[in-house]
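First the structure, in the form of structure tokens, and then the observations on it.
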Amino acid sequence: MPLLEVDNDKCVGCGNCVDVCPFGALSLDGDKVVVNDKCTDCGACIDACPTMALSLPQRPAVKTEDTGQYSGVWVWIEIFNKQITDNSAEILGQGRVLADARRMALTACVLGHDVGHIAKDAISFGADRVLLADDPSLDVYRNAPYAAIIIDLARRHKPEIFLFGASSRGRDLAGSVATDLYAGLTADCTGLDIDPEKGLLVQTRPAFGGNIMAMIICPDHRPQMATVRHRVFEKPLVDMERRGEIISIGPSMTEEQISTRVTGFIQETDKVNLANARVIVSGGRGVGGPEGFEPLKKLADVLGGTIGASRSAVDAGWISYDHQVGQTGRTVRPDMYIACGISGAVQHQAGMKTSKVIVAINKNPDAPIFDIAHFGIVGDLFKIVPALTEQFKKRLSA
Amino acid sequence: MNIIVCIKQVPGITDVQIDPEDNTLVRENIPSIVNPFDMYAIEEGLRLKEAHGGRVTVISMGPPQVASALKDALGMGADDAVLLTDRAFAGADSWATAYTLSLAVKMMGEFDIIICGRQAIDGDTGQVGPGLARQLGINQLTYISKIKEIDPSGKTITVERLLEEGREIVEAGLPALITVVKDINQPRLATVANIRKASRIKIKVMSAADLTGVDVNRLGINGSPTKVIKIFSPPKREGILELIKADNINEAAIQLVDRIMAEKIL
Ligand SMILES: Cc1cc2nc3c(=O)[nH]c(=O)nc-3n(C[C@H](O)[C@H](O)[C@H](O)COP(=O)(O)OP(=O)(O)OC[C@H]3O[C@@H](n4cnc5c(N)ncnc54)[C@H](O)[C@@H]3O)c2cc1C
Ligand SMILES: Nc1ncnc2c1ncn2[C@@H]1O[C@H](COP(=O)(O)O)[C@@H](O)[C@H]1O
């Protein structure tokens, strides 16, 4: 039931809108456009129409509070093993850029136990102020106690923009916070900018498995919330001279009020940490079997990289699911992604095509992986991968 | 146990091709499928029912044709299906979707667990699950790769959560909402018997007017804080491929390593 309306008196049947619709929801019937059920009311067609024949119903301004009361950019700091994650450091860097553009302060929310040093890290990465909740109940991330504090703080201080990592924890937390604050939350942003005219946060993100990009704003609700993937923004330089204010706050829930407990942690056996890997050597059906990953592992070892895989290799049982890259696996953005014996189906590409350098090794010169690769060799991976390993060994030890 | 599974119908990106000419989607005949992650959610619900008894209710919000996704779930063995469909729901973002689902769930009586997929493959947000849990005021456990133990009478659950660095074991009180990842199970196929049974099950259809306590200002496009202002194709990478050609493998390897070293990424 699309909301999109066509003014038949204005429609000239030019077909511009049909071409721009990402969902195949528009077609021409004679010289008038018709909308089918695939329409998602995304609005992409509205600007494409030269005669302004297309429209979506005007949204009533549902503002309950004056958005002008809100001020400041906030970042939730993710901590693992008592260290600030790179993802959070990167977001502080971009948060600084946004805060400067808005001439506002940058605040970091640090929650944990024995994490005073993280508050200092946050300042050296660009924060002006840290809200620090240091309590045994916050030792390991848990949704309820973390969400309670963040929601309390946001209600009290009214930040204009609030950023989180698009990690498992970050998404878990941001989803709860946005719900209680009735705030718009844009997932997995790859771009965050300030609209110079209105001062709104313009959020750019991939959708539809990375096949289209969407620009999103939150005009009437505050804070404007977003999650940001690892390695989208540069990690800022550390400035040990920077000074900032650290404000200590108490927890919002007592241990008795929290009905979840984290009782164990299983470090991934062979440490598959695809999200943080700088180099990923990935194998597909072309590796032929579990033993086919051996030469890839040797190459990965030389490069200090991690092993990835296509779904076909995972489904065949050659390697565990933790390694799967793609739409139903992990999304990665390493400095270098080496695809060996992977055809490069859209679902695989969805998880890796923003890698900085993509290298493809495939027997078939027509494999779609070559469409997105920066460097390619057509040939047998079992010959090429060992040869590459040798060369890298020589060059990197030199 | 009363088990609720939330499913979404999405365009089957399976068959989506990128037009090499202008890097846009070839969008003809995109079929609609049940979001792949929701298949694991349905399967997990059915397994819980098989182990502990009870009923599995699938619920989906969307246009009327979403009934076919619900039928698929019934064909796998779900017992009841609820379809939330109304013009007022159209254009909902994750906030409005979670709000709408929560109103329907509140009308469904006692439940032990709600299961969602980790994310929908069209929007890729993964926010509806957490939003729904929060609206209902229940525990949320996201990215679950295994239910280790569940005790419906003692009202506890122990799960494994898949995080970037490893797997975390978490115990929580029920009712809870979990979102599941792919390695939790292998979804079953629909059976002829279940499909036949499914054809006799009447899908319960609800509109905005049927939702107790609804605030119509929070539904659909009007209730959605986020607003899409522009959709565009990702910048295309034209002619970026440098194909390494050499007389022998070693020569090719040397050339490739040269090029990669020149990128200064290692
Ligand atoms: C809903 C859905 C979700 C999906 N999600 C994902 C996902 O998350 N990740 C994913 O990867 N896939 C996913 N897929 C599957 C995807 O569509 C492809 O089927 C899969 O990626 C193919 O894997 P592959 O490239 O390893 O295998 P193939 O397509 O079979 O390709 C094997 C390649 O290896 C080459 N080759 C063979 N032998 C050699 C050799 N000796 N040397 C060099 N090259 C060789 C061949 O030329 C061929 O190009 C999904 C599919 C669906 C429907
Ligand atoms: N319209 C909907 N109806 C029912 N469940 C939904 C709907 N949208 C999302 N969900 C559930 O929420 C999960 C996450 O979706 P999303 O937040 O859109 O990525 C899905 O896997 C479904 O389980």
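A note on names: the letters A, B, ... follow the listed sequences, proteins ahead of strands, and every chain is numbered from 1.
B/E160 places a side-chain heavy atom less than 4.5 Å from the side chain of A/I266. Counting heavy atoms from C-beta on, the side chains of B/T226 and A/Q224 never come closer than 4.5 Å. B/L243 places a side-chain heavy atom less than 4.5 Å from the side chain of A/V378. Between B/K227 and A/P219 there is a side-chain heavy-atom pair separated by less than 4.5 Å. B/I260 has its side chain within reach of A/M336: a pair of non-hydrogen atoms, C-beta onward, lies under 4.5 Å apart. Within the 4.5 Å cutoff, the side chain of B/E164 has no heavy atoms near those of the A/H230 side chain. A heavy-atom distance below 4.5 Å is not found between the side chains of A/V262 and B/R161. Taking the side chain as every heavy atom from C-beta outward, B/R167 and A/D322 approach each other to under 4.5 Å.
Open room surrounds CD on B/E149; 12 or fewer heavy atoms of other groups in view lie less than 6.0 Å from it. At most 12 non-hydrogen atoms from other residues, nucleotides or ligands lie less than 6.0 angstrom from NZ of B/K245. Taking a 6.0 Å sphere around CG of B/N248, one finds it holds more than 12 heavy atoms contributed by other residues, nucleotides or ligands. At most 12 non-hydrogen atoms from other residues, nucleotides or ligands lie less than 6.0 angstrom from CZ of A/R278.
For the set A/I384, A/T328, A/D188, A/I46, the entry with the most heavy-atom pairs within less than 4.5 Å of chain B is A/T328. Among A/C218, A/P365, A/G304, the residue making the largest number of heavy-atom pairs under 4.5 Å with chain B is A/C218. Ranked by heavy-atom pairs shorter than 4.5 Å toward chain B, the options A/V202, A/D180, A/T186 are led by A/D180. Contact count against chain B (heavy-atom pairs under 4.5 Å) is highest for A/D335 among A/V279, A/D335, A/L396, A/T227. The residue among B/N250, B/L132, B/T142 with the most heavy atom pairs within less than 4.5 Å of chain A is B/T142. Ranked by heavy-atom pairs under 4.5 Å with chain A, the first of B/G91, B/G126, B/A176, B/G131 is B/G131. Counting heavy-atom pairs closer than 4.5 Å to chain B, the top residue among A/G376, A/G175, A/G379 is A/G376.
In plain terms, the two heavy atoms of A/F375 and B/L256 that are nearest each other are CB-CD1, 3.6 Å. Nearest heavy-atom pair, A/Q267 versus B/E165, reported as atom, atom and distance to 0.1 Å: NE2-O, 3.7 Å. When all heavy atoms are compared, the tightest approach of A/A387 to B/I249 is CB-CG2, 3.5 Å. Residues B/M261 and A/F392 share a closest heavy-atom pair of SD-CE2, 4.3 Å. Summarising the geometry of A/R169 relative to B/L163, their closest heavy-atom pair is NH2-CD1, 3.5 Å, with the distance given to 0.1 Å. Counting all heavy atoms, side chain and backbone alike, B/R134 lies closest to A/N143 at NH1-OD1, 4.4 Å.
At a 4.5 Å heavy-atom cutoff, the contact between B/E168 and chain A is made by backbone and side-chain atoms alike. At a 4.5 Å heavy-atom cutoff, B/Q255 makes no contact with chain A through either its backbone or its side chain. Looking at A/R205, only its side chain comes within 4.5 Å of chain B, counting heavy atoms on both sides. Of the two parts of A/V140, only the side chain, counted from C-beta on, holds a non-hydrogen atom closer than 4.5 Å to a non-hydrogen atom of chain B. The parts of B/A252 that come within reach of chain A are both its backbone and its side chain, each placing non-hydrogen atoms under 4.5 angstrom from that chain. Heavy-atom distances place both the backbone and the side chain of A/F370 under 4.5 Å from chain B. When heavy atoms are compared at a cutoff of 4.5 Å, A/R222 does not approach chain B at all. Looking at A/A214, both its backbone and its side chain come within 4.5 Å of chain B, counting heavy atoms on both sides. When heavy atoms are compared at a cutoff of 4.5 Å, A/Q324 approaches chain B solely by way of its side chain, counted from C-beta outward. Interface residue B/L266: only side-chain heavy atoms are found under 4.5 Å from chain A. Using a 4.5 Å cut-off between heavy atoms, A/L200 makes no contact with chain B at all. Only the side chain of A/T204 comes within less than 4.5 Å of a heavy atom in chain B; its backbone stays farther off. Within the 4.5 angstrom heavy-atom criterion, only side-chain atoms of A/D315, from C-beta onward, approach chain B. At a 4.5 Å heavy-atom cutoff, the contact between A/D172 and chain B is made by backbone and side-chain atoms alike.
Separating the CD atom in B/Q65 from the CG atom in A/N36 is a distance of 9.0 Å, to the nearest 0.5 Å. With values rounded to the nearest 0.5 angstrom, B/L241 atom CG is found 10.5 Å from A/I372 atom CD1. With rounding to the nearest 0.5 angstrom, the CG atom of A/L3 is 5.5 Å from the CD1 atom of B/I221.
A side-chain donor-acceptor contact under 3.5 Å links B/W95 to the backbone of A/T179. Side chain of A/Y182 to main chain of B/P225: no donor-acceptor pair is present (N/O by atom type, distance under 3.5 Å, no hydrogens or angles). Put simply, the side chain of A/R171 gets close to the backbone of B/T125: a donor and an acceptor are under 3.5 Å apart.
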Q: Please lay out, stage by stage, how A/I216 and B/I229 fare under the test side chain to side chain contact (heavy atoms under 4.5 Å, CB included).
A: CA-CA 6 Å; A/I216 294 167; B/I229 47 172; over 6 Å; no
Q.
Quick one, A/S168 with B/L162, criterion side chain to side chain contact (heavy atoms under 4.5 Å, CB included). Give me CA distance, side-chain angles, the key distance, then yes/no.
A. CA-CA 8 Å; A/S168 305; B/L162 187 66; over 6 Å; no
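Inspection of the A/S176 and B/Q140 side chains reveals an N or O donor paired with an N or O acceptor under 3.5 Å.
Annotation: residues 178-186 of chain B contacts chain A through B/K182, B/D183 [non-hydrogen atoms, separation under 4.5 Å].
With sequence neighbours left out, B/Q127 forms a side chain to side chain donor-acceptor pair (under 3.5 Å) with B/S94.
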